[in-house]
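This report refers to the structure that appears directly beneath it.
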Amino acid sequence: MKEDMLVSLDKIQKSYTLGQKPVHVLSGVNLDVAKGDFISIMGTSGSGKTTLLHIVGTLLQPDNGTYQLDGREIGSLSDRERSWIRAHWIGYVFQTFDLITEQDVWHNVAMPYLYRGETKAEVGRQVDAAIDVVGLSERRHHRPAELSGGEMQRVAIARALSIAPKLILADEPTGNLDDDNSKEILNLLRRLNDGGATIILVTHDQHVAGMTNRILTMKNGRLAS
Amino acid sequence: MLRLLRLVQVAYTSLISHKLRSLLSILGIVCGVMAVMVMISTGEGAKQKVMSTLAGLGLSNIYIHQAKQPDDQATVLSGNQVYGLTWNDIQRLEKQPFIAGVAGMKEISQAPFGMNKDITAKVVYVSSSYLEITGRILSKGRFLLPEDSYQNNLVCVLGVTISRQLGAAGRLGEYVRLGDQLYKIVGILEDTKRVDTEVEEIARENVDEMVFLSFPFSAMHRDDPLKSSLSADLNQIVVKVTGDTDVIVASEVIDRLLYLSHHEVHDYSMVVPRQLLNQSMKTQAVFNLFLAVTGGISLFVGGVGIMNIMLANVSERKREIGIRRAVGATKWDIVLQFLTESVLLTITGGLLGMVLGGAAVILIEQIAGWPVSVTLLSIALPFVLAVFAGIFFGIYPAVQAAHLEPIQALKSL
Ligand SMILES: Nc1ncnc2c1ncn2[C@@H]1O[C@H](COP(=O)(O)OP(=O)(O)OP(=O)(O)O)[C@@H](O)[C@H]1O
Ligand SMILES: [Mg+2]
């Protein structure tokens, strides 16, 4: 059963110490996401959604519990190995469109390849294709400052999908966008999911969540359907 | 290789977006490299000048000059004593096994020279061995021979300046007037090409402006007891020691020998080019140390400037670091990125310093007239030091950047 799961979290705990007092953000999260699934996570602000996504994205280590990504035990990996996993398997889309302002669209999208050690010709094709998917071919030599919020978020998605990741993590990708732009981004994610990508989406928006296969809610440090 | 290229490209993009700041941060390195380059070039130039000057005098030679006679000592000398250098000294020296050759020289004080009053020549009697011992080179004709002296031949050898000043009358085979005698020109010395006066100061002569005559036979007549006890015979004796002799030790032996035979009167002084060279090498070593310290300090200060700017860069770009880590950069990738930036800064500073340093060196040579010598060392060393400073002072900020937790880095805005 578990073999088909891309993401498998078991009793994940995470707490931060603020001053002397520990704040338990995640207190035993269980989550299984099958390959090709598209799920959304909702919850009030500060409930720990981003924290969970960081753990799934191997950017943060849980205090307790086990995390398996495609059958691999993440907790036992070195920093270097986790970096490799991020560069090859995971596409991140952040809440705030995280682009590097000094570099143009093309180089922002190509950034993961910098850390994969692949040859230029391949990279060029993949990057061009990814920019094409989000419909920004015309703007590839523009700097982020010259783009609208929606366009920046599309660049961030292009960066995530350019490496053809096993897993796409999107942390409120539409949080800062108007309805039309939100719809466009969501359609884009839908198409990627149709193409086989597994997606975990964090959102506040009931309507957005409704377009995914499954809605989970963060509450009291646990996930519930 | 491709990886390095990309690293450089990324570093370049981020540096170029802060042009003014990057430029200001490398000023220290620019000045440091410039200073080191100028110092090495001028130091090397001065060293080479001294070297060639002293080598020109012959490093196995000892120059013995007659000292000026103090007025009060004239009375102390007893009857058969002569103040200064004599033929007896030459005879005594020639007997020493460690001496390969000896040549004497005597200035002729009043010798109205030629028809041209503008030409000032120093006319001297010299031994025929003078040319070989001092290593001077003849450009035309022959030097004075022993038989010129025995036969009282009226022949002379000219320094190149004199020959030139005389024009057509200064060629081989022409005659020049000295006092009331005519002397046939049998040889002309090669141009010593020394623009400076250091050689002359040390050896107290400028060969280019000299006219050489053979000692008259009577002056050399060593058996004549009267002759040797008259006035001082010689102004200068040049000694060449044998190849395997330590010239400095030899000079001490000769000093002792002369001192005793001159009845413990120091009526001579000695110049040992080898000794001067050793001294100047010691001075050079001190100068080099000074140079290393100064250069080190200026590059250190420059490096601290780089470190400062890189630390600011890191804290300003935490978010970028977080993004890069999130898309797969390892800690090492981050270290490399920031290290590349600081090295790129110092290389730029180094190149700029090299260009400005080169210009400064040329200016110094042209305007101040100092001798300079631009060697590979004077170019490469400051550059290598600059790059080293870039790595050394870039490591700490780079490691700091790498140790940021990706999440912490992402959260900072
Ligand atoms: N580094 C940290 N140190 C201390 N507390 C932290 C840290 N990071 C997060 N927290 C706390 O953990 C809790 C969960 O944060 P998280 O960012 O996961 O919430 P979220 O569900 O994503 O909220 P939002 O919907 O506002 O994005 C919050 O109370 C937050 O203050
Ligand atoms: Mg959040």
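Just so it is clear, the structure is predicted and the values come from calculations on it, not from any experiment. Each chain gets a letter, A, B and so on, in the order its sequence line appears, and its residues count up from 1.
- The minimum heavy-atom distance linking A:L59 with B:A326 is given by the pair CD2-CA, 3.7 Å.
- Comparing A:R82, A:H88, A:H107 by how many heavy-atom pairs each has under 4.5 Å with chain B, the most go to A:H107.
- Your options are B:R324, B:K331, B:E405, and the one with the most heavy-atom pairs under 4.5 Å with chain A is B:R324.
- Atoms CD1 and CZ, from A:I100 and B:R317 in turn, are 8.0 Å apart once rounded to the nearest 0.5 Å.
- With a 4.5 Å cut-off on side-chain heavy atoms, B:I323 and A:R159 count as touching.
- Within a 6.0 Å radius of CZ in B:F287, other residues, nucleotides and ligands contribute more than 12 heavy atoms.
- In terms of heavy-atom pairs under 4.5 Å with chain B, the best-connected choice from A:L60, A:I85, A:L114 is A:L114.
- In this structure, the side chains of B:T330 and A:Y115 stay at 4.5 Å or more apart for every pair of heavy atoms.
- In this structure, the side chain of A:R86 engages the main chain of B:R325 through a donor-acceptor pair within 3.5 Å.
- In this structure, A:R72 places its CZ atom where only 12 or fewer heavy-atom neighbours from other residues, nucleotides or ligands lie under 6.0 Å away.
- In plain terms, the two heavy atoms of B:A329 and A:S83 that are nearest each other are O-OG, 3.4 Å.
- Other residues, nucleotides and ligands place no more than 12 heavy atoms under 6.0 Å from the CZ atom of A:R80.
- Here the side chains of A:E102 and B:E320 are in contact, with some heavy-atom distance below 4.5 Å.
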